[in-house]
Protein chains: 2
Amino acid sequence: MSKRTEKTIVDIAEELQLSVSTVSRALNDHPNISARTKERVKKTARKLGYRPNALAAGLRNNKSKTIGLIVPRISMFFPATISTIIQNKLQEFGYNLIICQSNDSYEQEVALVNTLYSARVDGLVVSTTLYTTDFSHFDVFRDNNIPLVFFDRVPKDYNVKVIKGDDYRGGYIGTTHLIEKGCKDIVHISGPLTCCLYSDRVAGYKSALQEFKLPFKKSRVFYQELTKENAWQTCEKIFSQKPYPDGIFASNDTTAITISEYCRSIHLRVPEDVKIVGYSNDPRTEIVSPAVSSVDQYPGMMGERVVAVLMEMINGRQTAVPRYSQEIIPIQLIERQSSAGKVKAGKKKLSLS
Amino acid sequence: MSKRTEKTIVDIAEELQLSVSTVSRALNDHPNISARTKERVKKTARKLGYRPNALAAGLRNNKSKTIGLIVPRISMFFPATISTIIQNKLQEFGYNLIICQSNDSYEQEVALVNTLYSARVDGLVVSTTLYTTDFSHFDVFRDNNIPLVFFDRVPKDYNVKVIKGDDYRGGYIGTTHLIEKGCKDIVHISGPLTCCLYSDRVAGYKSALQEFKLPFKKSRVFYQELTKENAWQTCEKIFSQKPYPDGIFASNDTTAITISEYCRSIHLRVPEDVKIVGYSNDPRTEIVSPAVSSVDQYPGMMGERVVAVLMEMINGRQTAVPRYSQEIIPIQLIERQSSAGKVKAGKKKLSLS
DNA sequence: TGGATTATTGCAAACGTTTGCATTAAATTA
DNA sequence: TAATTTAATGCAAACGTTTGCAATAATCCA
């Protein structure tokens with residue numbers, strides 16, 4: 001057991017004939033320890049190879065200097081980007097980040113919340129499962145007044161701090177853009193409605209159609225997990241019979257890109273025959289040809305806001321009283337090749353105000 | 001302070017008129033606690049909303065049930081995929097994972113090692129910075145016999161457990177493939193040689209050239225951080241004067257994809273005029289056109305091996321004595337459009353044994 | 001029925017910090 | 001110089017567990 005080499009502050013104290021309290025205070029730069037003592041203590045700390053034990057300090061202080069993060073998966077562009085930012089930002093504040101993935105499983109999410117509570121994280125950041133509609137597993141955090149922030153995929157009707165993208169507007173803008181480019185029959189491929197993200201975007205899609213007096217047809221909206229496989233299957237369904245849509249608005253970029261591939265496979269031209277808009281502005285949209293238009297969600301801004309809000313809560317500037325508050329991060333449409341120009345020859349441009 | 005609601009095992013003990021030790025053992029299913037008592041304890045634990053305090057347990061047991069992971073960045077495909085797998089796998093074993101990014105900064109890496117040590121992680125997994133050549137900051141772990149595993153970007157000459165891809169072979173296979181497809185003047189774009197990954201691949205590249213009696217020219221190898229921007233610049237250099245190379249082997253896919261874009265921009269045809277092979281088999285290689293050939297590194301296998309080895313070390317089956325041991329994960333070339341067919345008309349196929 | 005074995009439970013120390021309060025030493029003032 | 005203030009240090013409890021050992025209760029066998 002070489003563990004016997006672990007030095008503690010009592011070793012330092014003994015070596016210097018000081019009390020442990022003095023050593024502790026010296027290491028923490030407590031004001032009423034003399035400069036000379038601080039020097040001596042720090043020096044022998046280095047000499048002995050002393051490493052503070054964060055567990056012990058955490059136990060005593062009832063804080064772990066650790067934040068928990070739960071996301072569906074870190075292999076997807078948007079959560080990955082946000083996680084990166086959160087992690088880097090927290091590092092600046094001296095916090096560690098425990099990143100966990102629910103893999104979009106409700107049960108896993110519940111389990112993770114509990115282990116992160118046991119780990120006594122000082123705060124929890126979460127983007128929920130596609131299927132989380134009951135949020136009571138977060139009560140432990142909320143009721144114990146431990147900072148809790150949701151982002152992107154956030155609860156509806158749960159009294160808590162929420163930071164989300166402007167999904168309604170995203171749905172609206174994406175659809176409007178296609179209409180302005182001349183599309184008259186726009187399919188929307190959405191995620192499951194249990195997730196607020198998608199219901200908001202669908203609402204935006206609807207209101208855009210309505211505003212431009214285009215009919216909303218139930219058969220033109222698809223609800224599915226937004227995987228490549230599902231996208232391909234849905235394409236097969238869509239293009240199994242005419243009339244073909246002249247625009248498709250997909251609620252993520254994996255889907256948008258797959259649609260584009262499918263169109264090529266059946267010799268439909270993008271954007272001439274079908275225009276496509278995706279969501280998230282995944283960098284893949286740029287390298288694919290034609291490049292795919294997409295709704296950017298400013299992940300950087302969102303990540304920074306998450307950390308800022310969290311830190312305010314931790315430092316008590318923000319009232320930690322569980323109070324619903326929603327912060328909306330703007331979105332922006334990035335126009336690319338996949339939705340360029342006019343609908344196929346013969347149709348003329350809608351004149352829009 | 002609603003923190004006063006935190007229940008501990010002594011609350012359970014009081015409620016049941018038992019000793020804390022009995023409660024502790026009951027909760028941990030210790031064999032010599034009667035079934036009846038266990039039942040009662042667990043029931044009131046639930047009733048009181050008791051949550052174990054992992055910090056306290058960790059302090060007492062000298063283990064945190066937490067693993068540290070340091071990667072350059074989690075936004076890159078390969079480390080992201082591995083992190084995902086490691087995280088999911090560890091979850092099965094009841095371990096949390098603290099994911100940290102060094103952002104390819106040596107100083108940050110050093111700092112992270114120290115905070116993870118302070119957090120008393122039960123093990124550390126790391127893929128180093130591009131520029132880490134001094135590994136002494138890992139001594140704390142090695143010397144205290146705390147499981148330490150390196151993967152992908154691993155140390156040379158540091159006595160420790162290492163799991164890496166077969167980069168020499170990857171370099172060899174990638175180059176050989178281009179040669180077999182008829183290339184005679186192959187550029188190699190490599191990362192900095194401080195990183196074992198790249199030096200191994202360069203070695204593979206060299207030996208392939210040698211084997212096929214092609215000259216190795218220093219001017220045909222470039223060493224740089226493998227970013228998009230650098231790739232573009234290097235392309236400008238390469239194609240600023242003739243003769244153009246007829247094959248390019250890039251040490252990552254971002255670079256390979258950018259090269260392909262550059263070629264299109266100057267109206268060079270891929271693969272007819274230039275053939276391209278990348279590294280890592282990033283999914284982007286598939287959606288780009290022409291699809292880019294790449295060397296797959298089996299991230300799944302690597303991730304699983306990392307966790308398996310780590311668990312063996314933690315459970316003491318593997319000797320934890322710091323002993324260098326290297327495990328090589330195979331690679332596989334995935335041929336795609338970017339390196340298909342023959343070199344431009346007029347050249348005839350090399351007949352290879 | 002009594003002694004021995006076995007099954008349960010309890011006591012108390014330990015893990016490494018931090019911190020309120022008490023104490024001592026040093027500096028200041030009258 | 002004595003009394004008072006200020007600066008620096010020490011004592012001991014506390015954070016919530018776990019665990020070796022001791023103690024008690026229950027069971028068994030002859």
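Naming: A, B, ... by sequence-line order, numbering from 1 per chain.
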Just wondering, more than 12 heavy atoms not from A/Q326 lying within 6.0 Å of its CD? yes

D/dA25 P sits how many Å from B/R36 CZ, rounded? 16 Å

Annotated protein contacts, base or backbone, on nucleotides 21-27 of chain C with a non-hydrogen cut-off under 4.0 Å, one of B, S, - each: -------

Under the criterion side chain to side chain contact (heavy atoms under 4.5 Å, CB included), which of B/V149, B/L310, B/I329 is the partner of B/R305? B/I329

Should the heavy atoms of other residues, nucleotides or ligands under 6.0 Å from CG of B/D29 be counted, would the total exceed 12? yes

Can you see if the side chain of A/N32 gets near the phosphate of D/dT6 - specifically, an N or O under 4.0 Å from OP1 or OP2? no

Rounded distance (Å) that lies between atom P of C/dC11 and atom CG of B/L18: 11 Å

Once you apply a heavy-atom cut-off of 4.0 Å, does B/S21 come out as touching a base, just sugar-phosphate, or nothing? base

Take B/R120 and B/Q17, find for each the nucleotide of DNA chain C with the closest heavy atom, and name the residue whose nucleotide sits nearer the 5' end. B/Q17

Atom CD1 of A/I33 and atom C1' of D/dT6 are separated, to the nearest Å, by 15 Å

Would you please confirm or rule out a distance under 4.0 Å between OP1 or OP2 of C/dG16 and any side-chain N or O of A/S24? no

Rounded distance [0.5 Å steps], CG in A/L69 versus OG in A/S127: 8.5 Å

CG of B/N61 versus C1' of D/dT19: gap in Å, rounded? 9 Å

Between B/V20 and B/R60, which is nearer to the 5' end of DNA chain C once each is assigned its nearest nucleotide? B/V20

Rounded distance (Å) that lies between atom P of D/dA8 and atom CZ of A/R40: 14 Å

Identify, between A/L59 and A/S34, the residue whose nearest nucleotide on DNA chain D lies closer to the 5' end. A/S34

Is it the case that more than 12 heavy atoms not belonging to B/K63 sit under 6.0 Å from its NZ atom? no

Between D/dC21 (P) and B/H30 (NE2): distance, integer Å: 13 Å

Taking OP1 and OP2 of D/dG10, is either one under 4.0 Å from a side-chain nitrogen or oxygen of A/S19? yes

Please tell me if the side chains of A/I328 and A/K164 come closer than 4.5 Å, counting only heavy atoms from C-beta onward. yes

Looking for any heavy atom pair under 4.0 Å, which part of the strands does B/R51 touch: base, sugar-phosphate only, or nothing? sugar-phosphate

For B/T8, answer base if it contacts any base atom (sugar-phosphate contacts may also be present), sugar-phosphate if it contacts only those atoms, and nothing otherwise; contact means non-hydrogen atoms under 4.0 Å. sugar-phosphate

Atom-pair distance (CG on B/L16; C1' on C/dT8), nearest Å: 15 Å

If you count every heavy atom of other residues, nucleotides or ligands that lies below 6.0 Å from B/K156 atom NZ, does the total exceed 12? yes

Without decimals, in angstroms, what is the distance between A/L27 CG and D/dT9 P? 13 Å

Is there a side-chain contact between A/R142 and A/Y158 (heavy atoms, below 4.5 Å)? yes

Minimum-distance nucleotide (side-chain atoms of B/N53 versus D/dG16, C/dT17, D/dT9): D/dG16

